[in-house]
Visitor: 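Sending over a structure as structure tokens; questions will come in a sec.
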Amino acid sequence: MKRLTILLLALCCAASCGRRHAPATEHPAPALFRPAALPSSLPASERAEYLRTHYWDTFDFADTLFIARADTLHMLDAFASYVALGADSVAMADLVRRASVSRPMLDYFGMLAERVLHDPNSPLRDVERYIPVLRGKLASPWYDTLERLGPETELRLALRNRVGEQAGDFRCTLASGATTRLYDLRADYTLLLLTDPECPRTTEELLASPRLNELAERGTLRILTLYSGEDTAAWRRSLSHAPRGWLHACDAACTVRDEGIYDLRALPALYLLDREKRVLVKDSADPAEIEEALDRDA
């Protein structure tokens with residue numbers, strides 16, 4: 001949560017750059033939201049579940065004046081705390097339903113969800129919990145056809161390559177010049193790294209994992225890096241220090257990007273697939289999450 005709070009603070013600071021601040025006496029104090037209080041007699045084992053169920057009970061979703069005066073950083077932190085409690089997709093769908101009482105309220109909670117659940121830099125980024133937010137927007141009567149285009153596109157991407165489903169196949173060009181498809185790779189597991197030549201951090205973290213390196217050396221795990229952008233010259237330059245033993249490919253036609261086969265909004269991104277190319281981990285930036293999934297599937 002500390003990392004998220006720092007992120008939210010940075011976002012708010014960035015938004016205020018260049019503005020002139022009027023004296024504090026000219027503005028009322030910002031409105032603050034207080035989550036529902038825990039009953040004093042509640043056992044410790046039941047507190048998290050109580051908060052997940054009653055967290056927003058004190059919030060008046062009909063009060064649009066509140067969101068006009070709300071401290072945005074405080075509300076982002078409150079929303080992040082709710083997510084961190086373990087609020088699942090069902091809980092998010094219910095929250096969006098309650099916020100749909102008016103356009104301003106739905107816009108506001110949509111913004112909170114986008115920052116916490118969909119921002120590439122958020123440590124709580126979770127597409128599964130963001131899907132109900134998008135569906136809630138599209139089910140509401142507040143948006144016209146043009147305004148629905150963004151959520152519709154985001155939802156299409158979110159519904160692809162979900163955990164337990166078959167990964168999207170694609171054709172790519174290897175560093176050798178040969179072409180192949182994702183589904184042509186034969187191994188117990190395939191680790192797809194959607195990469196950006198300018199950001200080698202995830203590659204370095206994968207190389208630092210003894211377990212993943214061991215599995216790759218044994219052939220149990222095939223690692224495929226894919227660049228799906230237009231600057232193929234930069235990709236070829238990056239090959240000079242690319243890990244040996246991995247497969248490195250580019251999508252020169254940008255098919256993966258243009259057809260939305262994978263969401264490339266946040267790169268690098270890791271997808272762990274099993275032998276049948278079912279998704280075990282979707283859109284991760286954490287090699288430790290890959291290791292944990294391999295342990296669960298063993």
Side-chain angles (χ1 to χ4, degrees), residues 1 3-5 7-9 11-12 15 30-39 42 46-144 147-159 162-163 263 265-266 282-283:
M1 290 306 299
R3 179 184 171 190
L4 180 61
T5 300
L7 166 67
L8 299 179
L9 180 60
L11 289 172
C12 288
L32 300 178
F33 162 67
R34 305 294 182 192
L38 285 166
L42 196 67
E46 299 177 14
R47 290 175 182 175
E49 178 59 32
Y50 181 91
L51 283 175
R52 280 193 294 269
T53 304
H54 298 282
Y55 192 86
W56 299 101
D57 284 1
T58 59
F59 190 89
D60 183 359
F61 288 90
D63 186 3
T64 56
L65 291 178
F66 175 88
I67 60 175
R69 298 185 294 109
D71 182 321
T72 300
L73 176 59
H74 182 267
M75 284 299 294
L76 283 167
D77 193 52
F79 190 93
S81 297
Y82 176 62
V83 171
L85 283 168
D88 59 13
S89 298
V90 174
M92 293 306 304
D94 182 65
L95 177 59
V96 174
R97 178 189 58 77
R98 296 169 73 182
S100 297
V101 65
S102 69
R103 169 71 183 263
M105 191 63 67
L106 184 55
D107 282 346
Y108 191 78
F109 273 83
M111 177 274 295
L112 297 178
E114 194 280 330
R115 296 279 189 91
V116 175
L117 295 173
H118 197 50
D119 189 293
N121 296 310
S122 172
L124 293 175
R125 186 169 181 261
D126 186 337
V127 68
E128 286 299 316
R129 287 190 278 189
Y130 192 57
I131 285 173
V133 179
L134 296 171
R135 283 176 166 160
K137 284 185 174 183
L138 293 174
S140 77
W142 307 119
Y143 305 110
D144 60 29
E147 291 170 319
R148 291 172 183 270
L149 292 179
E152 286 172 349
T153 300
E154 290 182 345
L155 183 59
R156 279 197 302 272
L157 284 172
L159 292 176
R162 299 175 80 178
V163 172
D263 187 352
R265 203 173 66 94
K282 173 180 177 174
D283 197 7

Visitor: Nearest heavy-atom pair of Leu134 and Ala158: which atoms, and what distance?
Guide: CD1-CB, 4.5 Å
Visitor: Any side-chain heavy atom of Phe79 within less than 4.5 Å of one from Leu95?
Guide: yes
Visitor: Answer yes or no: is there a donor N or O on one side and an acceptor on the other, between the side chain of Glu49 and the main chain of Glu46, under 3.5 Å?
Guide: no
Visitor: Distance from Leu124 atom CG to Asp119 atom CG, nearest 0.5 Å?
Guide: 11.0 Å
Visitor: Under 3.5 Å, is there a donor-acceptor pair between the side chain of Thr58 and the main chain of Arg34?
Guide: yes
Visitor: So, do Leu117 and Met92 sit near enough that their side-chain heavy atoms are less than 4.5 Å apart?
Guide: yes
Visitor: Under 4.5 Å between any side-chain heavy atoms of Pro35 and Tyr82, yes or no?
Guide: no
Visitor: Check the pair Asp107 / Tyr143 against side chain to side chain contact (heavy atoms under 4.5 Å, CB included), numbers first and verdict last.
Guide: CA-CA 10 Å; Asp107 282 346; Tyr143 305 110; 2.7 Å; yes
Visitor: Check whether any side-chain N or O of Tyr55 sits under 3.5 Å from a backbone N or O of Ser81 as a donor-acceptor pair, and report yes or no.
Guide: no
Visitor: Considering all heavy atoms of both residues, which atom of Leu32 and which atom of His74 are nearest to each other, and what is their separation?
Guide: CD2-CG, 3.7 Å
Visitor: Knowing that exactly one of Arg125, Glu154, Arg135 qualifies, which makes a side-chain contact (heavy atoms from CB on, under 4.5 Å) with Tyr130?
Guide: Glu154
Visitor: Roughly how far, to the nearest 0.5 Å, is the OG1 atom of Thr64 from the CZ atom of Arg103?
Guide: 13.5 Å
Visitor: I need the Arg69 CZ to Asp63 CG distance, nearest 0.5 Å.
Guide: 7.0 Å
Visitor: Which atoms form the tightest heavy-atom contact between Asp283 and Ala266, and what is the distance?
Guide: OD1-O, 4.2 Å
Visitor: Assert yes or no for the condition that the ring centre distance of Phe59 to Phe66 is strictly below 6.0 Å.
Guide: yes
Visitor: Can you tell whether the side chains of Lys137 and Glu114 come within less than 4.0 Å, N to carboxylate O?
Guide: no
Visitor: Could you check Val133 against Phe109 for side chain to side chain contact (heavy atoms under 4.5 Å, CB included), going step by step and ending with a plain yes or no?
Guide: CA-CA 9 Å; Val133 179; Phe109 273 83; over 6 Å; no
Visitor: Heavy-atom distance under 4.5 Å between the side chains of Phe33 and Asp77, does that happen here?
Guide: no
Visitor: Can you confirm whether Leu155 sits close enough to Leu138 that some side-chain heavy atom of one is under 4.5 Å from a side-chain heavy atom of the other?
Guide: yes
Visitor: Does the distance from a Lys or Arg side-chain N to an Asp or Glu carboxylate O, for Asp88 and Arg52, drop under 4.0 Å?
Guide: no
Visitor: Distance-only, no hydrogens or angles: does the Ser89 side chain make a donor-acceptor pair with backbone N or O of Glu128 under 3.5 Å?
Guide: yes
Visitor: Write down the atom of Pro104, the atom of Ile67, and the distance for their closest heavy-atom approach.
Guide: O-CD1, 3.5 Å
Visitor: Closest approach of Asp71 and Pro30, non-hydrogen atoms and distance?
Guide: CB-CB, 3.9 Å
Visitor: Just wondering, do Asp126 and Val83 contact through their side chains at under 4.5 Å, heavy atoms?
Guide: no
Visitor: Which is it for Ile131 and Arg162 under the side chain to side chain contact (heavy atoms under 4.5 Å, CB included) test, yes or no, and what are the steps along the way?
Guide: CA-CA 11 Å; Ile131 285 173; Arg162 299 175 80 178; 3.7 Å; yes
Visitor: With side chains defined as the heavy atoms from C-beta onward, is the minimum distance between Thr72 and Tyr108 less than 4.5 Å?
Guide: yes
Visitor: To check you understand the geometry: which heavy-atom pair defines the closest contact between Asp263 and Arg265, and what is its length?
Guide: OD1-N, 3.0 Å
